[in-house]
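A quick write-up on the structure given underneath.
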Protein chains: 2
Amino acid sequence: MPIKVLLVDDEPLVRAGLRAVLEAQPDIEVVGEAADGAAVVPLVRSLRPDVVAMDVRMPLLDGIEATRAVLRSVDAPPKIVVVTTFENDEYVYDALRAGADGFLLKRARPAEIVHAIRLVAEGETLLFPAAVRALAAEYGSAPARAALERAALTDREADVLRLMARGMSNAEIAAELIVGAETVKSHVSAVLAKLGARDRTQAVIAAYESGFVSPG
Amino acid sequence: MPIKVLLVDDEPLVRAGLRAVLEAQPDIEVVGEAADGAAVVPLVRSLRPDVVAMDVRMPLLDGIEATRAVLRSVDAPPKIVVVTTFENDEYVYDALRAGADGFLLKRARPAEIVHAIRLVAEGETLLFPAAVRALAAEYGSAPARAALERAALTDREADVLRLMARGMSNAEIAAELIVGAETVKSHVSAVLAKLGARDRTQAVIAAYESGFVSPG
DNA sequence: GATCTTCTCCCCCGCGCGGGGGAACCGGCT
DNA sequence: AGCCGGTTCCCCCGCGCGGGGGAGAAGATC
């Protein structure tokens with residue numbers, strides 16, 4: 001009997017890609033899709049998947065909350081694999097703490113994705129792929145890193161800085177985080193103040209220099 | 001005279017979407033469509049498009065080979081923009097090496113797609129659009145550096161980008177280089193155009209991701 | 001000579017950014 | 001109950017930024 005998988009991602013293209021990759025395997029069957037976390041629990045109840053491939057960042061209910069909701073409210077819950085774009089995404093670890101069984105990168109090769117699904121279906125836990133260790137190893141210089149740690153950014157400020165470091169405007173960050181533009185401005189101002197940066201460009205430079213974000 | 005665009009994608013839905021987006025612009029005209037790479041060269045010869053929006057993955061002849069074929073066999077070849085679904089598409093960089101002038105993601109917003117077409121039509125190389133990070137992540141900094149070299153910054157523009165990456169304002173850069181503020185603005189604008197960056201922050205990000213500057 | 005690129009500087013203009021305030025809500029802590 | 005930090009949103013305001021033009025001088029190239 002095949003491994004039944006439920007896909008949860010707000011981007012149709014990502015779902016289509018995962019479906020194509022997984023359904024090419026004879027032992028894997030995609031039994032359903034959801035575009036946001038709020039739809040996950042009912043779908044898990046009705047479809048009884050073995051594995052849920054869950055995006056972290058989604059509108060309405062993110063992957064972390066959705067993971068908690070599934071584990072809390074479903075008997076014999078499925079294995080949950082967190083799907084993420086960036087390996088240094090802090091949310092990934094939150095999701096793992098919330099009870100997820102592993103994670104995989106969207107840029108992973110199809111064979112790796114298939115492998116990950118099979119592993120967690122068998123009860124294994126995928127915690128720290130080589131990519132994450134390698135990234136942690138080449139983390140930034142100690143002084144700069146310490147400086148940024150001293151800055152003591154809040155969770156939300158860290159989110160904003162991460163998106164700033166991806167070149168997003170305030171409006172784009174607001175759309176990404178599903179908050180108002182004024183809210184983003186508040187967070188940006190707080191980040192600039194804490195980092196001692198004059199503008200967003202200096203803040204992004206500090207993020208790179210400290211290893212808060214890393215090239216590649 | 002409008003920018004003449006040829007669409008090449010095996011998915012009719014994608015072609016329809018691109019056509020709808022591009023033809024909403026008064027200065028852009030979609031002159032033709034092709035469903036696979038094999039049909040591209042004859043169509044380029046007969047239609048003489050300014051820009052070819054080329055999917056990477058296609059039946060018969062993929063976007064990489066089709067790009068090579070066009071550049072090899074057509075005089076005064078059109079600009080070629082690689083269209084891809086996933087930012088980590090391993091073939092994207094191969095296409096850039098084959099001579100493509102830029103790339104864009106299918107999930108990009110209409111305004112970004114239009115912007116990309118206009119930029120490459122003007123002879124710029126489009127590097128930034130969100131995919132640079134993923135490319136650099138998977139293949140290391142060498143490809144991104146090569147891509148930045150393709151941008152062909154002049155000596156002065158490289159000077160300005162280096163100082164931008166140190167967090168300097170236009171006025172500070174002007175003082176550092178002992179030139180007028182207006183001169184710096186000109187160089188900055190040139191850098192942004194060549195990198196396909198929207199603002200100085202994105203330019204600095206591209207500088208880090210490409211290894212043009214390094215943390216530490 | 002003519003042409004091209006590069007570097008230099010200038011104009012106007014719109015807008016996003018960042019500073020400076022304030023305020024409401026909520027959860028945690030005392 | 002009271003306090004406080006975090007998140008959310010609002011106001012006004014000045015200014016640097018970036019786009020779109022143009023233009024002159026120097027050097028390379030043909």
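Within every chain, numbering begins at 1; the chains are lettered A, B, ... in the order of the sequence lines, protein sequences first and strands thereafter. This one's a predicted model, so the numbers in the text were calculated from it and none came from an experiment.
Distance, A/Gln202 CD to D/dG16 P: 14 Å, rounded to whole Å. To the nearest angstrom, C1' of D/dT8 lies 16 Å from CD1 of A/Ile173. We find that CD of A/Glu157 is positioned 13 Å from C1' of D/dT8, with the value rounded to whole Å. To the nearest angstrom, P of D/dA23 lies 16 Å from CD of B/Glu182. The distance from atom CG of A/Asn170 to atom P of C/dG19 is 11 Å, rounded to the nearest whole Å. Computed from coordinates, the B/Ile178 CD1 to C/dC7 P distance equals 17 Å when rounded to whole Å. Between B/Arg198 atom CZ and C/dC17 atom C1' the separation is 13 Å, expressed in whole Å. Across the protein-nucleic acid pair, B/Leu161 atom CG and D/dG18 atom P stand 12 Å apart, rounded to whole Å.
The nucleotide whose nearest atom lies closest to any side-chain atom of A/Arg156 is, among C/dT8, D/dT8, C/dC9, D/dT8. Comparing atom distances between the B/Leu192 side chain and each of D/dG18, D/dC10, C/dC10 picks out D/dG18 as nearest. Here the side chain of B/Val179 is nearest to one of C/dC9, D/dG18, D/dT7, namely C/dC9. Taking the side chain of B/Arg200 as heavy atoms from C-beta on, and the options D/dT8, D/dG6, D/dC17, the nearest nucleotide is D/dC17. Taking only side-chain atoms of B/Lys185, from C-beta outward, the nucleotide of D/dC10, C/dC17, D/dG18 with the closest atom is D/dG18. Distances from the side chain of A/Asp199 to the nucleotides D/dG19, C/dG18, D/dT8 place C/dG18 closest. Distances from the side chain of A/Asp155 to the nucleotides D/dT7, D/dC10, C/dG19 place D/dT7 closest. The nucleotide whose nearest atom lies closest to any side-chain atom of A/Ser169 is, among C/dC17, D/dG18, C/dG18, C/dC17.
B/Glu182 pairs by the side-chain hydrogen bond (donor to acceptor under 3.5 Å, both in side chains) definition with nothing, not counting sequence neighbours.
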B/Arg200/B/Val188 under side chain to side chain contact (heavy atoms under 4.5 Å, CB included): CA gap, chis, key distance, verdict: CA-CA 8 Å; B/Arg200 67 203 297 112; B/Val188 169; 4.1 Å; yes
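Within the 4.0 Å cut-off from OP1 or OP2 of C/dT8, at least one side-chain nitrogen or oxygen of B/His187 is found. Put simply, A/Thr154 has no side-chain N or O that comes within less than 4.0 Å of OP1 or OP2 on D/dG5. Within the 4.0 Å cut-off from OP1 or OP2 of D/dG19, at least one side-chain nitrogen or oxygen of B/Ser189 is found.
In this structure, the side chain of B/Asp199 engages the main chain of B/Gln202 through a donor-acceptor pair within 3.5 Å. The main-chain N or O of B/Ile205 is never found under 3.5 Å from a side-chain atom of A/Arg166 such that the two would form a donor-acceptor pair.
The pair B/Glu172-A/Arg198 meets the salt-bridge criterion, since a charged nitrogen lies less than 4.0 angstrom from a carboxylate oxygen.
Judged by atom type and distance alone, A/Ser186 reaches the base of D/dC9 through a side-chain donor-acceptor pair under 3.5 Å.
At least one side-chain heavy atom of A/Leu7 sits under 4.5 Å from a side-chain heavy atom of A/Arg19. In this structure, the side chains of B/Thr183 and B/Leu177 stay at 4.5 Å or more apart for every pair of heavy atoms.
An angle of 50°, rounded to 10°, separates the two end axes of the helix from C/dG1-D/dC30 to C/dT30-D/dA1, each defined over five pairs.
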With a 3.5 Å cut-off and sequence neighbours excluded, list the donor-acceptor pairs that the side chains of residues 39-50 of chain A form with protein atoms.
unit_1  : atom_1 : unit_2  : atom_2 : d
A/Arg45 : NH2    : A/Ser73 : O      : 2.7
A/Ser46 : OG     : A/Pro42 : O      : 3.2
A/Ser46 : OG     : A/Leu43 : O      : 3.3
A/Arg48 : NH2    : A/Asp75 : O      : 3.2
A/Asp50 : OD2    : A/Lys4  : N      : 2.7

